[in-house]
Structure formats: structure tokens, C-alpha cells
Colleague: 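To start, I am sharing the structure in question, which I have written as C-alpha cells.
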Amino acid sequence: EPEVTQTPSHQVTQMGQEVILRCVPISNHLYFYWYRQILGQKVEFLVSFYNNEISEKSEIFDDQFSVERPDGSNFTLKIRSTKLEDSAMYFCASSEAGYTQYFGPGTRLTVL
Amino acid sequence: GENVEQHPSTLSVQEGDSAVIKCTYSDSASNYFPWYKQELGKGPQLIIDIRSNVGEKKDQRIAVTLNKTAKHFSLHITETQPEDSAVYFCATPTGNQFYFGTGTSLTVIP
């Protein structure tokens with residue numbers, strides 16, 4: 001069964017550094033999403049991406065964040081200058097038609 | 001934006017009993033209502049979803065009911081098993097932005 005994959009599984013970085021989180025969505029899906037989940041809390045929407053552009057973004061997704069689909073398979077989330085409060089699990093999801101979403105296993109980001 | 005509230009935050013049931021988790025939402029235009037199961041250290045996994053033109057949907061031991069007038073939808077798990085123990089999240093979109101509930105930690109006691 002096709003699945004969403006994410007790399008790395010755990011990323012440790014120093015405050016102020018840039019990080020790039022990578023995702024490979026399911027191949028025939030057209031909608032892509034990033035979410036974050038702070039430990040023990042709910043899943044929070046960051047951004048949705050369709051037709052090579054951002055379709056929605058939340059208040060969390062400020063100028064420090066960007067997304068890109070650099071080729072036909074990868075979908076990346078970049079955080080330009082990480083802050084301590086960016087420490088969280090980051091989940092990528094993809095959807096064929098914008099409803100049913102399939103989530104990846106997540107990347108745990110730790111900012112020191 | 002959408003406001004999704006989920007209750008209860010924790011739920012313990014005896015194996016074989018039923019579990020019910022409820023979510024309310026604020027945007028009357030919402031038309032899609034998924035439920036996700038999240039096991040420790042893993043990503044959310046879709047277990048069932050319902051569109052706004054349907055009042056109830058069942059898949060074996062799992063069912064979701066929707067009341068659009070009251071703006072709430074519920075997850076029902078019958079004949080619970082220990083492997084049902086996990087955190088369950090409801091969600092609903094406004095546009096292409098998905099809002100999740102605060103989660104329910106379900107423990108099924110053998």
C-alpha cells in the first residue's frame with residue numbers, strides 16, 4: 001500500500017539554524033500539507049499546497065517558514081531561523097482530491 | 001477560523017464495551033468530517049470519515065454520526081479491544097485548512 005514517507009525521523013539543530021524537512025507524498029496525490037504537533041497537544045495545520053502554490057496557511061506559518069515541491073516527488077518544509085518554540089513533531093500529509101489525507105510518520109524537530 | 005471542541009479528553013472502558021467521542025464545530029459550511037487514530041510515536045491514521053450529505057457511516061466496529069443542525073459529529077467504537085487504545089482526533093476543514101480537535105486518549109482495559 002502506498003504511504004507518505006518523511007526524512008529525517010529526528011532532527012536536532014541549534015537555535016537560529018535553518019532546517020529542511022523532507023516528505024515524499026503518495027505518487028498520484030495532488031494536495032500536500034504540513035502540520036505540527038507540540039508534545040501532548042493537538043495537531044495544528046501549517047500550510048496546504050496545490051498546483052505548485054500555497055492554497056492556505058495558518059497564522060503559525062509566518063515568514064520563517066516556506067514550502068517547496070522541487071521535483072515531481074518531494075515536498076519540503078524549510079524553517080529559516082529556528083526558535084526554541086519550533087520544537088515539535090512535523091507531519092506531512094497528502095491527498096488525492098483534497099479530502100482524505102494520509103499522514104507520514106513525522107519528523108521530530110528538537111531546537112537547542 | 002473554525003473552532004473544534006472534542007470531549008472527553010480521556011476515556012477508559014472495559015474491553016468489549018463501547019466508546020463514544022464527540023466533537024462540535026463552529027463553521028456551518030464545513031462539509032467533511034474525518035476521525036484519526038494516533039498511536040504513540042506515529043502519525044495520525046485516518047480510520048473513518050463522513051461527508052455532510054450523509055448522517056451516519058459504519059465500518060465494522062467503527063461508526064461516525066453527523067448532526068449538521070447541531071454542528072456535532074461523534075465517533076462510536078463498539079466491542080472495544082486493547083489495540084483500540086490510542087489518541088483519537090476529530091477534524092474538519094474550512095476551505096483547504098484543516099482544524100483538529102484536542103484529542104481523546106482512549107484506554108481499553110483488558
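Here the structure is a predicted model, which means the values were calculated and not measured. Residue numbering restarts at 1 for every chain, and letters A, B, ... go by the order of the sequence lines.
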Colleague: Same cluster or not: B/Ile48 versus B/Leu46, using hydrophobic residues (I, L, V, M, F, W, Y) connected whenever any side-chain heavy atoms lie under 4.5 Å apart?
Modeller: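 No, B/Ile48 and B/Leu46 fall in different hydrophobic clusters.
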Colleague: Is the number of heavy atoms from other residues, nucleotides or ligands under 6.0 Å of A/Lys83 NZ greater than 12?
Modeller: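 It does: A/Lys83 NZ has more than 12 such atoms within range.
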Colleague: For a quick test of reading the model, state the closest non-hydrogen atom pair linking A/Tyr99 to B/Asn31 and the distance between them.
Modeller: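 Reported closest heavy-atom pair: OH-ND2, 3.5 Å.
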Colleague: Using a 3.5 Å cut-off and no angle test, enumerate the donor-acceptor pairs between side-chain atoms of residues 83-92 of chain B and protein atoms at least two apart in sequence or in another chain.
Modeller:
residue: B/Asp84; atom: OD1; partner: B/Arg61; partner atom: NH2; Å: 3.0
residue: B/Asp84; atom: OD2; partner: B/Arg61; partner atom: NH1; Å: 2.9
residue: B/Asp84; atom: OD2; partner: B/Arg61; partner atom: NH2; Å: 3.3
residue: B/Asp84; atom: OD2; partner: B/Gln81; partner atom: N; Å: 2.8
residue: B/Ser85; atom: OG; partner: B/Pro82; partner atom: O; Å: 3.0
residue: B/Ser85; atom: OG; partner: B/Val108; partner atom: N; Å: 2.9
residue: B/Tyr88; atom: OH; partner: B/Asp84; partner atom: O; Å: 2.5
residue: B/Thr92; atom: OG1; partner: B/Tyr32; partner atom: O; Å: 2.9

Colleague: Taking atom CD of A/Gln41 and atom CZ of B/Phe100, what is their separation to the nearest 0.5 Å?
Modeller: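 Between atom CD of A/Gln41 and atom CZ of B/Phe100 there are 14.5 Å.
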Colleague: A/Leu109, A/Tyr35: one ILVMFWY side-chain cluster at the under-4.5 Å cut-off?
Modeller: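 Different clusters: A/Leu109 never reaches A/Tyr35 through Ile, Leu, Val, Met, Phe, Trp or Tyr contacts under 4.5 Å.
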Colleague: How about CG on A/Leu84, more than 12 heavy atoms from neighbouring residues, nucleotides or ligands closer than 6.0 Å, or not?
Modeller: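 Above 12, so yes.
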Colleague: Given a strict heavy-atom distance threshold of 4.5 Å, which part of B/Tyr36 is in contact with chain A: side chain, backbone, both, or neither?
Modeller: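 Only the side chain of B/Tyr36 comes within 4.5 Å of chain A.
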Colleague: With respect to chain B, which residue among A/Pro105, A/Gly104, A/Gly106, A/Ala93 yields the maximal number of heavy-atom pairs within a distance under 4.5 Å?
Modeller: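 Heavy-atom pair counts peak at A/Pro105.
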Colleague: Using heavy-atom distances under 4.5 Å, tell me whether B/Pro44 contacts chain A through its side chain, its backbone, both, or neither.
Modeller: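 Both parts, backbone and side chain.
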Colleague: May I ask whether B/Phe33 and B/Trp35 are part of the same hydrophobic cluster, defined by side-chain heavy atoms of I, L, V, M, F, W, Y residues being less than 4.5 angstrom apart, directly or through others?
Modeller: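 As far as the 4.5 Å side-chain criterion goes, B/Trp35 and B/Phe33 are connected within one cluster.
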Colleague: Hey, does A/Phe91 have a side-chain heavy atom less than 4.5 Å from the side chain of B/Gln38?
Modeller: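 They are in contact (side-chain heavy atoms under 4.5 Å apart), so the answer is yes.
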Colleague: By a 4.5 Å heavy-atom criterion (distance strictly below it), what part of A/Tyr102 contacts chain B: side chain, backbone, both, or neither?
Modeller: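 Contact with chain B is absent: no heavy atom of A/Tyr102 under 4.5 Å.
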Colleague: Find out if a path of hydrophobic residues (ILVMFWY) with successive side-chain heavy-atom gaps under 4.5 Å connects A/Leu21 to A/Val43.
Modeller: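 No, it is not one cluster - the side chains of A/Leu21 and A/Val43 are not joined through contacts under 4.5 Å.
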Colleague: Does any heavy atom of chain B fall under 4.5 Å from the side chain of A/Ser95, the backbone, both, or neither of them?
Modeller: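 It is neither, since no heavy atom gets under 4.5 Å.
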Colleague: What's the separation between atom CE in A/Met89 and atom NZ in B/Lys42, rounded to the nearest 0.5 Å?
Modeller: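 Separation between the atoms: 12.0 Å.
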Colleague: Return the option, out of B/Ser105, B/Pro34, B/Gly101, with the maximum number of heavy-atom pairs under 4.5 Å with chain A.
Modeller: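 Heavy-atom pairs under 4.5 Å are most numerous for B/Gly101.
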Colleague: Answer whether the closest heavy-atom distance between the side chains of B/Asn96 and A/Tyr31 falls below 4.5 Å.
Modeller: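 B/Asn96 reaches A/Tyr31 side chain to side chain.
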Colleague: Counting only non-hydrogen atoms closer than 4.5 Å, does A/Gln37 touch chain B with its backbone (N, CA, C, O), its side chain (CB onward), both, or neither?
Modeller: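 Side chain only.
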Colleague: For residues B/Gln97 and A/Ser58, report the shortest heavy-atom separation together with the two atoms involved.
Modeller: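 Scanning both residues completely, I find the closest heavy atoms to be OE1-CB, 3.5 Å.
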Colleague: Side-chain heavy atoms under 4.5 angstrom apart, residues restricted to Ile, Leu, Val, Met, Phe, Trp, Tyr: same cluster for B/Tyr25 and B/Phe98?
Modeller: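 In one cluster: no.
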Colleague: Counting heavy-atom pairs closer than 4.5 Å to chain B, which one of A/Lys57, A/Glu56, A/Glu59 comes out on top?
Modeller: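 Heavy-atom pairs under 4.5 Å are most numerous for A/Glu56.
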Colleague: With a 6.0 Å cut-off (strictly less than), is the heavy-atom count around CZ of A/Arg108, excluding the residue itself, greater than 12?
Modeller: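 No.
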